[in-house]
Amino acid sequence: MPRLGTVQQKIPCAFTTELRQEAATKRPNQSYRVLANGELSPTALAANIHQAVATEKVDGTCCYVTNYKEFTWNIDSDFRAVPDAWIPAHGVAQSEGRPQPDENGHIPGWIPVEKGSKQYCWHLSAVNYETGSALVLRPSSGKQLLEITVIPLMELLEQTLELIGTHINGNPYGLGSKKQPLHLLVSHGSLQIENPPPLDLMDLVAWFKESEEAKVEGIVWHCANGVLVKLHRHHLGLEWPLLRPFLSTRPLSINVDLTKFTWDFEANSSFVALARLHGKQFDRVKDIAWEDIES
């Protein structure tokens with residue numbers, strides 16, 4: 001089976017694209033749209049996309065788990081200043097020890113989420129540095145069943161994940177509430193699509209419009225050589241977010257047992273709140289009953 005890649009660069013579209021001078025569906029102030037045409041891109045063909053693993057594109061903010069090493073970089077004045085601890089993403093071209101921009105003028109990189117950082121408080125709500133653990137949403141046993149569980153950060157080392165939740169990207173999945181926010185990490189490639197459509201633009205449009213499984217932000221194909229290519233609903237002129245995205249309608253079990261940890265978690269943390277629901281199941285991800293936690 002093709003191996004699942006990590007997100008270290010902007011993922012290109014699986015199809016060649018064209019610009020149209022009309023209002024975008026993705027960004028309200030954008031006066032043009034980037035739409036896919038019917039031709040697979042050279043990148044997708046070279047990576048043998050026909051044998052790739054099709055996975056759900058999750059609407060969140062990208063994270064990378066790695067051992068932190070202090071890093072200082074003096075970047076040229078042509079680019080925006082970056083924090084001292086910024087590190088370039090894997091695969092960024094280098095020239096004389098300096099990271100170089102890609103064809104779009106971007107230099108992707110990572111900034112460490114430090115304990116106590118107010119700027120990244122929602123990231124920190126999904127991890128606990130003292131125990132070296134993270135709250136992860138992932139597939140479980142049973143048809144379409146997902147679970148929220150605690151995973152050691154060492155098991156996620158060098159992986160990239162998507163942070164989703166109450167205060168991320170308008171919360172398209174309906175997780176948590178203002179009173180009890182909930183943020184979770186989802187490993188890239190973990191939500192595989194069981195019945196992906198053929199790699200034909202018209203078939204893909206029909207699938208996105210008609211299938212319950214297709215109520216997703218898009219598809220990311222993980223190719224055997226590690227290359228990732230995607231197709232966003234906006235590439236087809238389709239709306240996102242949706243009223244009932246597929247992820248939020250899947251059944252969910254809570255597997256958060258904190259008794260194996262000797263460290264005390266903060267009483268108001270999501271870890272403790274979910275531990276009170278350990279062993280419970282819900283018909284839908286968005287149905288987590290926070291009232292049950294407080295009773």
Side-chain angles (χ1 to χ4, degrees), residues 4-8 58-73 82-90 92 108-140 146-169 171 173 175-191 252-279 285 288 290 293-294:
L4 301 182
T6 61
V7 178
Q8 294 284 345
V58 178
D59 189 356
T61 185
C62 193
C63 307
Y64 169 49
V65 179
T66 190
N67 288 314
Y68 171 64
K69 298 177 182 180
E70 187 175 356
F71 183 90
T72 301
W73 191 261
V82 295
D84 288 343
W86 177 89
I87 60 172
H90 294 182
V92 168
W110 304 103
I111 299 172
V113 174
E114 299 179 4
K115 183 181 177 182
S117 168
K118 292 183 179 180
Q119 182 179 0
Y120 301 110
C121 61
W122 307 125
H123 293 73
L124 292 166
S125 71
V127 297
N128 184 284
Y129 286 155
E130 283 75 17
T131 61
S133 57
L135 288 172
V136 172
L137 179 69
R138 67 180 185 182
S140 183
L146 299 176
E147 72 169 358
I148 297 175
T149 191
V150 180
I151 299 292
L153 285 170
M154 288 302 296
E155 291 186 15
L156 302 174
L157 202 62
E158 301 307 315
Q159 290 187 32
T160 57
L161 308 96
E162 207 76 13
L163 180 74
I164 61 174
T166 310
H167 296 284
I168 305 297
N169 291 1
N171 194 20
Y173 306 111
L175 291 172
S177 64
K178 289 184 178 180
K179 185 177 181 181
Q180 182 69 63
L182 176 62
H183 299 87
L184 305 166
L185 290 165
V186 182
S187 293
H188 287 133
S190 63
L191 303 180
L252 175 75
S253 66
I254 309 296
N255 180 20
V256 179
D257 182 5
L258 301 185
T259 60
K260 57 187 176 182
F261 296 100
T262 57
W263 187 274
D264 291 330
F265 291 79
E266 294 183 11
N268 62 347
S269 72
S270 293
F271 287 83
V272 171
L274 289 166
R276 295 185 185 129
L277 295 177
H278 177 63
V285 167
I288 298 175
W290 294 111
I293 293 176
E294 298 163 357

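Listed by chain and number, the residues in a side chain to side chain donor-acceptor pair (under 3.5 Å) with N128 are T131 (sequence neighbours excluded). A search for ring-ring contact (aromatic ring centres under 6.0 Å, His included) contacts involving W110 returns Y64, not counting sequence neighbours. Residues passing the side chain to side chain contact (heavy atoms under 4.5 Å, CB included) test with S253, sequence neighbours excluded: S140, L145, E147, Q281. In this structure, the ring-ring contact (aromatic ring centres under 6.0 Å, His included) partners of F265, at least two apart in sequence or on a different chain, are F261, F271. Applying the side chain to side chain donor-acceptor pair (under 3.5 Å) criterion to S187, with sequence neighbours excluded, gives Q159. By the side chain to side chain contact (heavy atoms under 4.5 Å, CB included) test, A275 is found to be paired with V256, L258, residues two or more places apart in sequence or in another chain being considered. For the side chain to side chain contact (heavy atoms under 4.5 Å, CB included) test, residues two or more places apart in sequence or in another chain that qualify with N169 are D59. For Y129, there are no ring-ring contact (aromatic ring centres under 6.0 Å, His included) partners at least two apart in sequence or on another chain. Applying the side chain to side chain contact (heavy atoms under 4.5 Å, CB included) test to A126 and every residue at least two apart in sequence or in another chain returns L163, L185. Residues meeting the side chain to side chain donor-acceptor pair (under 3.5 Å) test with T66, sequence neighbours left out: E158. T262 meets the side chain to side chain donor-acceptor pair (under 3.5 Å) test with no other residue; sequence neighbours excluded. For E130, the salt bridge (Lys or Arg N to Asp or Glu O under 4.0 Å) partners two or more places apart in sequence, or in a different chain, are K115.
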